[in-house]
Each structure stands twice: as C-alpha cells, then as structure tokens.
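Okay, structure first, notes after.
Residues: numbered from 1 along the sequence shown. Values below: every heavy atom of this structure, side chains too, minus hydrogens, waters and symmetry copies. Predicted model only: the values in this text are computed from it and were never measured.
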Amino acid sequence: MTRLGSSDWKDKLFSTLVYLIPLYYVLEFGGFLFNQFPFLRLITIPLIPLIYLYSLIPFARFIIFIALFALVIRNSNLSHFLRYNAMQAILIDILLILVNLIVGILAGGIGGLFMETLYNMIFLGTLVACVYCMFQSVTGKYAELPGISEAAYSQVPF
C-alpha cells in the first residue's frame with residue numbers, strides 16, 4: 001500500500017537496510033536453532049558489517065537508535081516511506097529489548113524445553129517479520145505488522 005507519496009530506489013534501499021538492526025538483535029535468540037540447523041547461520045552474512053560496526057564502536061546500539069530517531073524519523077525533508085520503515089524497525093527493536101528483559105526474568109525460574117521453545121519462537125517470529133518488511137520495502141509497499149504499524153503511523157503521521 002502506498003499511503004503518502006512515492007518512494008525512489010534510495011528510499012527502498014535504506015528502508016530495507018534498517019530492518020537489519022532488529023535482525024542483528026534477534027540473533028541472540030537463535031542459538032538453539034543455529035546449533036540444530038547450522039545452515040541457518042547463513043542469515044548472519046548480510047549482518048557482518050553491522051556486527052563489525054557494533055563491536056568497533058562502544059554504545060553503538062544507543063548511538064544508532066538516537067541517530068535514526070533524530071536524523072531520519074524526525075526529518076520531514078525525507079520521504080514518509082523511509083521515516084515510517086525506520087520507525088517500524090526501531091519499534092521492533094524496542095519490542096525485542098522488552099522481550100529480552102521478560103525472558104531474562106523467566107529464565108531464572110523456568111528452563112529447559114520451555115525456554116528453548118520460547119527462544120525459537122521469538123527468533124522465527126522476528127525473522128519472518130523482518131523478511132516480510134524487507135520484501136515490502138524493496139517493492140515500495142508499506143509493511144503492515146499488527147500493532148507495530150499503528151504505532152509507527154502514530155509517530156510518523158505525515
């Protein structure tokens with residue numbers, strides 16, 4: 001769906017690349033699946049530059065979050081398509097932070113198969129959501145994720 005204006009190839013490219021950020025953060029939940037299915041480690045290949053950047057710069061997660069929010073999302077000179085996708089990627093990232101906190105609390109009392117299943121569900125759900133959003137961005141369409149898209153639209157209304 002195209003809501004506000006059109007997007008050129010640069011908007012589509014950058015809108016696709018911002019979804020690498022939540023993909024990077026969901027890797028910590030994929031450990032069980034990576035051990036069972038080593039071919040899934042191929043997912044990390046497009047993330048190598050981001051992994052290198054995050055290991056090189058202290059507080060990179062915070063710096064990238066602030067930079068995306070201040071320089072992209074709040075910059076009305078950029079296209080709505082680009083700002084919307086950046087906001088949606090940040091919201092997925094924030095959701096992963098909250099899930100990580102909750103899972104950290106649950107991990108103390110519950111373990112074993114339940115935690116492995118929970119980690120796998122989080123990893124696969126985020127992976128599918130990010131791949132869907134990347135595909136929609138490449139085709140120039142707005143990705144609609146239940147709950148997250150409404151929040152992104154409320155933060156980037158025009």
Inter-residue atom distance Ser15.OG - Trp9.CH2, 0.5 Å rounding: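 If I round to the nearest 0.5 Å, the distance is 12.5 Å.
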With side chains defined as the heavy atoms from C-beta onward, is the minimum distance between [X] and [Y] less than 4.5 Å?
X	Y	result
Val138	Leu13	no
Tyr84	Ser79	no
Ile66	Leu71	no
Ser149	Glu144	yes
Met87	Leu91	yes

- prompt: On the ring face of Tyr25, is Arg61 found with NZ or CZ under 6.0 Å from the centre and within 45° of the axis?
  reply: yes
Is there a path of hydrophobic side-chain contacts, each under 4.5 Å between heavy atoms, that joins [X] and [Y]?
X	Y	result
Val131	Phe39	yes
Phe29	Ile94	yes
Val72	Phe62	yes
Phe135	Leu127	no

query: Are more than 12 heavy atoms from other residues, nucleotides or ligands located less than 6.0 Å from atom CE of Met121?
result: no
- prompt: So does Tyr132 have more than 12 non-hydrogen atoms from other groups sitting under 6.0 Å from OH?
  reply: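 Yes, because the 6.0 Å sphere around OH of Tyr132 holds more than 12 heavy atoms from other groups.
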With distance as the sole criterion, is a donor-acceptor pair present between the side chains of [X] and [Y] under 3.5 Å?
X	Y	result
Arg74	Gln155	yes
His80	Tyr153	no
Tyr19	Gln88	yes
Asn85	Gln136	no

Do side-chain atoms of [X] reach the backbone of [Y] as a donor and acceptor pair under 3.5 angstrom?
X	Y	result
Asn35	Gly31	yes
Gln36	Leu33	no
Thr126	Phe123	no

